[in-house]
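Notes for the one structure printed next.
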Amino acid sequence: MSRPRANPLLTPAQVLERHHAGPKSGVCTDGACEGNPGPGGWGFVWVEEDRIVAEKHGSDRATTNNRMELTALVEALRALPSDARTIVFSDSELCVKTVNEWAAAWERRGWKRKTGPIANLELVQKLYRLAQSHPNVELRWIRAHDGSRWNEYVDALANSFLRER
């Protein structure tokens with residue numbers, strides 16, 4: 001099941017007009033899906049002192065919310081130089097725990113979980129490798145839809161596919 005959107009039709013520009021709370025620097029990522037599975041989108045924004053350094057978004061006609069969340073993180077880390085010192089914020093607790101808590105053990109076990117297969121394994125492996133190649137980047141969970149400016153902004157980016165249909 002996909003999570004509800006607080007501002008389903010807001011554009012990124014409208015989000016910037018309405019929201020001002022939350023971190024002023026770092027990278028925010030988000031994924032979205034209309035139905036799960038269904039069409040989805042992802043986005044990230046890298047900001048320093050509330051100024052956009054880089055942003056990107058994309059979509060997939062047949063996907064899941066978790067795939068879009070993982071894709072957003074992969075694309076964000078790809079955009080960062082290997083010596084970057086920043087925090088990457090994701091509102092997907094599953095993705096944050098995957099990288100920060102579980103992936104190292106899965107890798108040691110040959111990319112297997114004790115309880116069964118790893119969903120989206122190719123994206124998990126790619127994300128974990130990218131996270132390891134950015135030793136000064138911290139991945140941190142942020143609450144979704146709480147008015148945090150840049151988290152709401154990437155939600156609008158991730159949901160751009162809805163406006164572009």
Quiz item: What is the minimum heavy-atom distance between G38 and C33, and which atoms define it?
Solution: O-SG, 3.6 Å
Quiz item: Quick one: CG on D91 to CZ on R143, what's the gap to the nearest 0.5 Å?
Solution: 10.5 Å
Quiz item: Any side-chain heavy atom of V154 within less than 4.5 Å of one from T29?
Solution: no
Quiz prompt | R113: salt bridge (charged side-chain N to carboxylate O under 4.0 Å, His left out) partners, not counting sequence neighbours | solution = none
Self-check item: Atom pair CH2 (W150) and OG (S25), whose distance is rounded to the nearest 0.5 Å
Solution: 10.0 Å
Quiz item: Should we count NZ of K24 as having more than 12 external heavy atoms under 6.0 Å?
Solution: yes
Self-check item: Contact check, side chains of L121 and W106, non-hydrogen atoms, under 4.5 Å
Solution: no
Practice problem: Supply the atom-to-atom distance E17 CD to R149 CZ, rounded to the nearest 0.5 angstrom. | Solution: 9.5 Å
Quiz item: Is L123 linked to L139 within one hydrophobic cluster, defined over Ile, Leu, Val, Met, Phe, Trp and Tyr using a side-chain heavy-atom separation of less than 4.5 Å?
Solution: yes
Quiz item: How long is the gap from NE2 on H19 to OH on Y153, to the nearest 0.5 Å?
Solution: 13.0 Å
Exercise. Please report the closest heavy-atom contact between A32 and N159, naming both atoms and the distance.
Key: CB-OD1, 3.4 Å
Exercise. Could you tell me whether the side chain of N100 reaches within less than 4.5 Å of the side chain of W141, counting heavy atoms only?
Key: no
Quiz item: Can you tell me how far the CG atom of N151 sits from the CG atom of D30, to the nearest 0.5 Å?
Solution: 6.0 Å
Quiz item: Does the side chain of R78 reach to within under 4.5 Å of the side chain of K56, using non-hydrogen atoms?
Solution: no
Quiz item: If you look at every heavy atom in S82 and P135, which pair is closest and at what distance?
Solution: O-CD, 4.0 Å
Quiz item: Between the main-chain N or O of M68 and the side-chain N or O of T71, is there a donor-acceptor pair closer than 3.5 Å?
Solution: no
Quiz item: Taking atom CD of E75 and atom NZ of K126, what is their separation to the nearest 0.5 Å?
Solution: 8.0 Å
Self-check item: pair L77-L127: side-chain heavy atoms closer than 4.5 Å
Solution: yes
Quiz item: Can you name the nearest heavy-atom pair linking L157 to G43, along with the distance?
Solution: CB-CA, 4.2 Å
Practice problem: Please indicate whether R109 has more than 12 foreign heavy atoms, meaning atoms of other residues, nucleotides or ligands, lying under 6.0 Å from its CZ. | Solution: yes
Self-check item: Closest approach of A79 to F44 (non-hydrogen atoms, all atoms of both residues)
Solution: CB-CZ, 3.5 Å
Practice problem: Evaluate the side-chain proximity of D155 to V15: yes if any heavy-atom separation is below 4.5 Å, no if none is. | Solution: no
Quiz prompt | Minimal non-hydrogen separation, Y128 against E107, with atom names | solution = CE2-OE1, 3.5 Å
Self-check item: Shared hydrophobic cluster for V88 and V124 (ILVMFWY, side-chain gaps under 4.5 Å)
Solution: yes
Practice problem: Compare all side-chain heavy atoms of D60 with those of R67 and state whether any distance is below 4.5 angstrom. | Solution: no
Self-check item: Verify same cluster id: L80, F89 (apolar side-chain graph, 4.5 Å)
Solution: no
Quiz item: Linking I/L/V/M/F/W/Y whenever their side-chain heavy atoms sit closer than 4.5 Å, directly or via other members, would W46 and L70 fall into one cluster?
Solution: yes
Self-check item: N/O donor-acceptor pair under 3.5 Å between E152 side chain and G147 backbone
Solution: yes
Quiz item: Can you hop from V99 to W111 via hydrophobic side chains spaced under 4.5 Å?
Solution: yes
Practice problem: Check whether any side-chain heavy atom of L94 lies under 4.5 Å from a side-chain heavy atom of E69, and answer yes or no. | Solution: no
